Amino acid sequence: MRNYIIKSFLAVACLALVSIPLPVRAQSSDLGMSISVNPTSTSPGGTVGVFAIVTNYTSKNLKTTVTFTSLSPCGTETSLGYNRLSLYPGQTVWVTVSYPIPPDACPGMYSISISEKSGGKPSGNNAAQNGATCYLSVN
């Protein structure tokens, strides 16, 4: 009788452990991205360079399109360009763009971003989006 009680208790304990949901990690991105701007401060009418590093963290070839954008403190969003990339597994590439600041640009902190959509083709709400941001001061 004692064996039966112990086995029943162990069975209930195992069932309880199996029924508890395990914590789930968010899926990591297949693409690593970082961005910087040089110089980090300029005047209206100046030009800055925007530099990004894009890395394929998968074990397969990856095609994607990366897009550069700028958002001024006045709320004006400007497209700086895009690049279509085809990356081998583990490959890292530098992507650059020149950004001429308009002579009538409003002063303040600009947000410069790079973003991508995996495969270059969004698939509804499941499209993987990734990006990075840096800042530029316009005096």
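In this text, all values refer to a predicted model and were calculated from it rather than measured experimentally.
- To the nearest 0.5 Å, the span separating CG on Asn56 from NZ on Lys63 amounts to 12.5 Å.
- Heavy atoms only, all atoms of each residue included: Ile112 and Ser70 are closest at CD1-OG, 3.6 Å.
- Contact between Ala105 and Pro44 at its shortest, heavy atoms only, is O-CG, 3.8 Å.
- Checking each of Ile35, Asn38, Thr96 against Val50 for a side chain to side chain contact (heavy atoms under 4.5 Å, CB included) leaves exactly one that passes, namely Ile35.
- Between atom CZ of residue Phe51 and atom CD1 of residue Ile114 there is a gap of 12.5 Å, rounded to the nearest 0.5 Å.
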Quick one: side chains of residues 71-91, donor-acceptor pairs under 3.5 Å with protein atoms, not counting sequence neighbours, listed by atom name and distance.
{"unit_1": "Ser72", "atom_1": "OG", "unit_2": "Cys74", "atom_2": "N", "d": "3.2"}
{"unit_1": "Ser72", "atom_1": "OG", "unit_2": "Gly75", "atom_2": "N", "d": "3.4"}
{"unit_1": "Ser72", "atom_1": "OG", "unit_2": "Thr76", "atom_2": "N", "d": "3.1"}
{"unit_1": "Gln91", "atom_1": "OE1", "unit_2": "Tyr88", "atom_2": "N", "d": "2.8"}

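- Linking ILVMFWY residues whenever their side-chain heavy atoms come closer than 4.5 Å, directly or via other members, places Leu31 and Val93 in the same cluster.
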Next on the checklist: Pair Tyr99, Tyr110 - check side chain to side chain contact (heavy atoms under 4.5 Å, CB included), show working.
Outcome noted: CA-CA 12 Å; Tyr99 178 26; Tyr110 284 61; 3.8 Å; yes
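- Hydrophobic clustering of Ile, Leu, Val, Met, Phe, Trp and Tyr side chains at less than 4.5 Å, counting indirect connections, unites Val97 with Val48.
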Item to check | Stepwise side chain to side chain contact (heavy atoms under 4.5 Å, CB included) check, Thr47 with Ser98 | outcome: CA-CA 7 Å; Thr47 300; Ser98 177; 3.3 Å; yes
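- Here the CD1-OG distance, from Ile53 to Ser36, works out to 7.0 Å after rounding to the nearest 0.5 Å.
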Which pairs would a plain distance check flag for residues 131-139, meaning a side-chain donor or acceptor within less than 3.5 Å of a matching protein atom at least two apart in sequence or in another chain?
{"unit_1": "Thr133", "atom_1": "OG1", "unit_2": "Ser113", "atom_2": "OG", "d": "3.2"}
{"unit_1": "Ser137", "atom_1": "OG", "unit_2": "Asn139", "atom_2": "OD1", "d": "3.1"}
{"unit_1": "Asn139", "atom_1": "ND2", "unit_2": "Ser41", "atom_2": "OG", "d": "3.0"}

